[in-house]
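Sharing a structure below in structure tokens format, with a few things to ask.
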Amino acid sequence: MPETAKNNNFDTIIDRKKTDSFKWDMIIKLYGEDVLPMWVADMDFKSPERVINAIIKRAEHGVFGYTFRSDDYYNAIVEWYKKSYKIEIQREWIVNGPGVVPMIAFLINIFTLPGDKVIIQPPVYPPFFRVVVNNGKQLIENRLILKDGKWVMDYENLEKSIDSRTKMIVISNPHNPVGRVWTFEELEKLYDIAKKYDLIIVSDEIHADIVYEPNEFTSFLKVGTENIIVLNSPGKTFNIAGLTNSYGIIPDKALRQAYKNYIESLELLTGNVLSIEALKAAYKCDEWVTSLKNYLKGNRDFAYKFIKEHMPLINPTLPEGTYLMWLDCSKLELENPQKFFLENARVYLNNGAEFGDSQSVRLNFACPKVLLEEGLTRMKNAYNKLLTVEHFTLPDKRFEECKKIRREVFIIGQGIDEKIELDGRDEQAIHFLVRHFGKYIATARIRDIGDYWKVERVAVLKEFRGLGYGKKIMEAIEDYIKKTNPKPITLNAQLEVKEFYEKLGYKPVGHVFHEAGIPHIKMEKVLEI
């Protein structure tokens with residue numbers, strides 16, 4: 001068995017409590033032992049065996065004096081870029097730093113003056129906002145656009161945002177949190193704009209190794225080298241972020257020397273001895289990375305499908321890269337979705353407001369699948385607790401909500417005459433209302449005809465169709481009938497929803513007929529008691 005495959009059991013649960021874990025201990029201290037942390041971007045997996053052994057071996061030496069980065073260190077980076085990204089970089093292009101975010105801060109201070117403008121593209125990693133503002137620069141937001149279900153850069157707005165004070169754009173590739181892996185063509189278009197306006201591009205590529213097929217990572221270094229600075233670290237891929245270490249690749253000699261001068265002025269010339277050994281070992285663990293990506297892809301697909309199926313009001317983005325999933329919760333109409341899931345599910349997610357979108361949250365799925373299932377199930381249960389199906393007879397003030405929904409669906413939406421829709425039989429009926437997250441979104445009524453029950457006026461608001469609410473209300477109707485007066489059920493289904501009722505066990509009876517100018521077919525179901 002290859003050395004790097006020895007600890008590939010990503011299903012193993014590792015207790016990270018009482019290790020001063022930022023992800024676990026800090027959240028437990030703030031919110032309690034029962035909270036499940038699924039937020040900050042580190043993984044709940046052991047680092048590769050090769051990395052662990054390299055650190056142990058160096059520690060056993062027992063002397064931890066000042067350390068420099070040797071040729072072996074730089075060669076490891078050069079070789080990693082060659083075999084992982086298919087890029088030939090030169091050793092002298094590599095510069096060092098204490099972390100990607102501090103390096104971004106250094107670059108902003110080196111290449112911009114107070115009051116100069118730096119562009120970022122929200123929703124994006126929260127430190128991008130802070131390093132600009134906290135270093136006295138103007139923050140310009142060129143927001144990503146969700147187009148046909150895919151996040152893209154807004155090139156038109158980008159150009160409009162640039163003026164004489166704009167000096168730099170900081171990008172995330174693969175993008176955190178929406179998971180886009182930018183294509184060569186997309187990066188080239190950005191590069192053309194940057195060259196036109198003489199902007200420096202700083203590309204944070206720390207998630208470069210976590211990319212799912214058929215997507216392929218494209219470093220900005222493949223697009224161009226003029227005014228390009230790429231930042232990276234093995235911290236995310238190999239779960240060694242606590243060994244703070246990073247590097248940059250700056251092909252431009254003048255930019256590179258300016259950075260080196262700045263680092264020298266801060267006396268940040270030596271490296272952490274354990275982080276140096278960790279990088280050299282990590283960049284020999286490509287087999288481990290392949291196993292990791294396979295496991296993460298399974299978790300990604302499971303989480304995406306689970307959310308789509310069980311929490312359909314939430315719109316997840318399927319990430320092309322990273323182990324982070326962006327969840328759009330805007331349809332829930334909550335003031336703070338992150339707080340909702342913390343208080344009601346006891347799951348701690350990243351607050352989307354910190355990324356530039358207060359109606360979203362970020363989920364970290366880099367954990368054993370059993371923990372992922374636990375977190376998602378908790379979220380589903382909290383989601384479902386706010387879904388109710390109420391039933392009543394008239395008079396009842398809730399009937400006004402039924403009429404509003406029916407009016408929007410039948411009278412406005414389908415052009416049915418109001419006199420036909422309000423047929424005078426509502427007083428004879430039992431009415432049902434679906435309420436979710438404080439909003440009434442679906443209604444139906446049933447009448448006892450004698451030998452059978454008749455289901456009528458099933459209506460779901462347009463923006464909530466296809467999300468399972470029609471099924472919910474039909475299940476509630478059938479449950480009511482089973483408990484009160486079990487008899488066969490009939491309904492006149494509009495032809496376009498015939499298949500929906502067939503999936504619920506209803507069978508067509510007779511021929512197609514027209515009612516209010518709309519083709520219908522009679523359907524019936526005998527309940528199993």
Side-chain angles (χ1 to χ4, degrees), residues 85 87 100 104 107-108 111-112 116-129 131-133 137-208 211 214-232 249-252 255 315 317-322 324 326 328 330 352 355-357 359-360 362:
Y85 314 140
I87 299 175
V100 166
I104 296 173
L107 293 167
I108 288 172
F111 298 114
T112 66
D116 278 349
K117 297 177 180 179
V118 177
I119 299 172
I120 64 173
Q121 301 192 103
V124 75
Y125 186 46
F128 281 21
F129 296 84
V131 293
V132 176
V133 175
K137 310 306 187 289
Q138 294 187 64
L139 179 69
I140 304 300
E141 297 184 15
N142 180 53
R143 299 191 67 84
L144 300 181
I145 301 171
L146 189 60
K147 187 176 182 181
D148 299 325
K150 190 170 187 175
W151 291 91
V152 296
M153 299 188 212
D154 187 345
Y155 300 103
E156 184 178 348
N157 186 69
L158 175 63
E159 283 215 63
K160 291 178 181 177
S161 303
I162 298 170
D163 62 20
S164 61
R165 295 302 302 271
T166 310
K167 305 299 179 183
M168 181 181 291
I169 178 167
V170 182
I171 73 162
S172 179
N173 179 32
H175 191 278
N176 173 10
V178 305
R180 274 302 318 279
V181 177
W182 304 116
T183 65
F184 182 92
E185 291 74 22
E186 288 173 307
L187 296 176
E188 186 177 44
K189 197 167 183 178
L190 180 64
Y191 186 52
D192 289 342
I193 294 172
K195 285 196 296 183
K196 180 178 178 181
Y197 296 98
D198 196 26
L199 302 184
I200 292 174
I201 295 178
V202 176
S203 182
D204 173 0
E205 299 182 359
I206 197 169
H207 291 280
V211 172
N215 305 287
E216 293 184 5
F217 172 69
T218 301
S219 172
F220 226 115
L221 296 170
K222 274 193 172 181
V223 180
T225 56
E226 183 183 335
N227 279 355
I228 298 299
I229 300 173
V230 163
L231 304 179
N232 208 337
I249 301 172
I250 312 179
D252 185 288
L255 297 185
N315 184 29
T317 296
L318 185 69
E320 298 170 345
T322 81
L324 309 163
W326 189 239
D328 177 2
S330 57
F355 297 76
D357 181 357
Q359 288 301 301
S360 295
R362 191 189 72 173

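Since the structure is predicted, the reported quantities are computational estimates derived from the model, not experimental observations.
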Set of residues satisfying ring-ring contact (aromatic ring centres under 6.0 Å, His included) with respect to Phe217, sequence neighbours excluded: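 Once residues adjacent in sequence are excluded, the partners of Phe217 under the ring-ring contact (aromatic ring centres under 6.0 Å, His included) criterion are Tyr85.
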
Sequence-distant partners of Glu185, side-chain contact (heavy atoms from CB on, under 4.5 Å), two or more places apart: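 So Glu185 forms a side-chain contact (heavy atoms from CB on, under 4.5 Å) with Thr183.
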
All side-chain contact (heavy atoms from CB on, under 4.5 Å) counterparts of Asp357, not counting sequence neighbours: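 By the side-chain contact (heavy atoms from CB on, under 4.5 Å) rule, Asp357 matches Arg143, Trp326, Gln359, Ser360.
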
With sequence neighbours excluded, residues passing side-chain contact (heavy atoms from CB on, under 4.5 Å) with Val133: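 In terms of side-chain contact (heavy atoms from CB on, under 4.5 Å), with neighbours along the sequence ignored, Val133 is linked to Leu139.
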
For Glu205, side chain to side chain donor-acceptor pair (under 3.5 Å) partners two or more places apart: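 By the side chain to side chain donor-acceptor pair (under 3.5 Å) rule, Glu205 matches Ser203, Ser219.
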
Residues in salt bridge (Lys or Arg N to Asp or Glu O under 4.0 Å) contact with Arg180, at least two apart in sequence or another chain: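 Salt bridge (Lys or Arg N to Asp or Glu O under 4.0 Å) check on Arg180 returns Glu186, Glu320.
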
Distance-only check: which donor-acceptor pairs under 3.5 Å involve side-chain atoms of residues 188-196, not counting sequence neighbours?
from: Tyr191; atom 1: OH; to: Glu226; atom 2: N; distance (Å): 3.2
from: Lys196; atom 1: NZ; to: Glu159; atom 2: OE1; distance (Å): 3.2

For Asp148, all residues meeting side chain to side chain donor-acceptor pair (under 3.5 Å), sequence neighbours excluded: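 None.
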
All side chain to side chain donor-acceptor pair (under 3.5 Å) counterparts of Thr166, not counting sequence neighbours: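 Testing Thr166 for side chain to side chain donor-acceptor pair (under 3.5 Å), a comparison that skips the adjacent residues, returns Asp163.
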
Asp328: salt bridge (Lys or Arg N to Asp or Glu O under 4.0 Å) partners, not counting sequence neighbours: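 Salt bridge (Lys or Arg N to Asp or Glu O under 4.0 Å) list for Asp328, sorted by chain: empty.
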
Under the side-chain contact (heavy atoms from CB on, under 4.5 Å) test, residues paired with Asn227 that sit two or more places apart: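 Asp198, Ile200, Leu255.
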
Ser172: partners by side chain to side chain donor-acceptor pair (under 3.5 Å), with sequence neighbours left out: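 Side chain to side chain donor-acceptor pair (under 3.5 Å) list for Ser172, sorted by chain: empty.
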
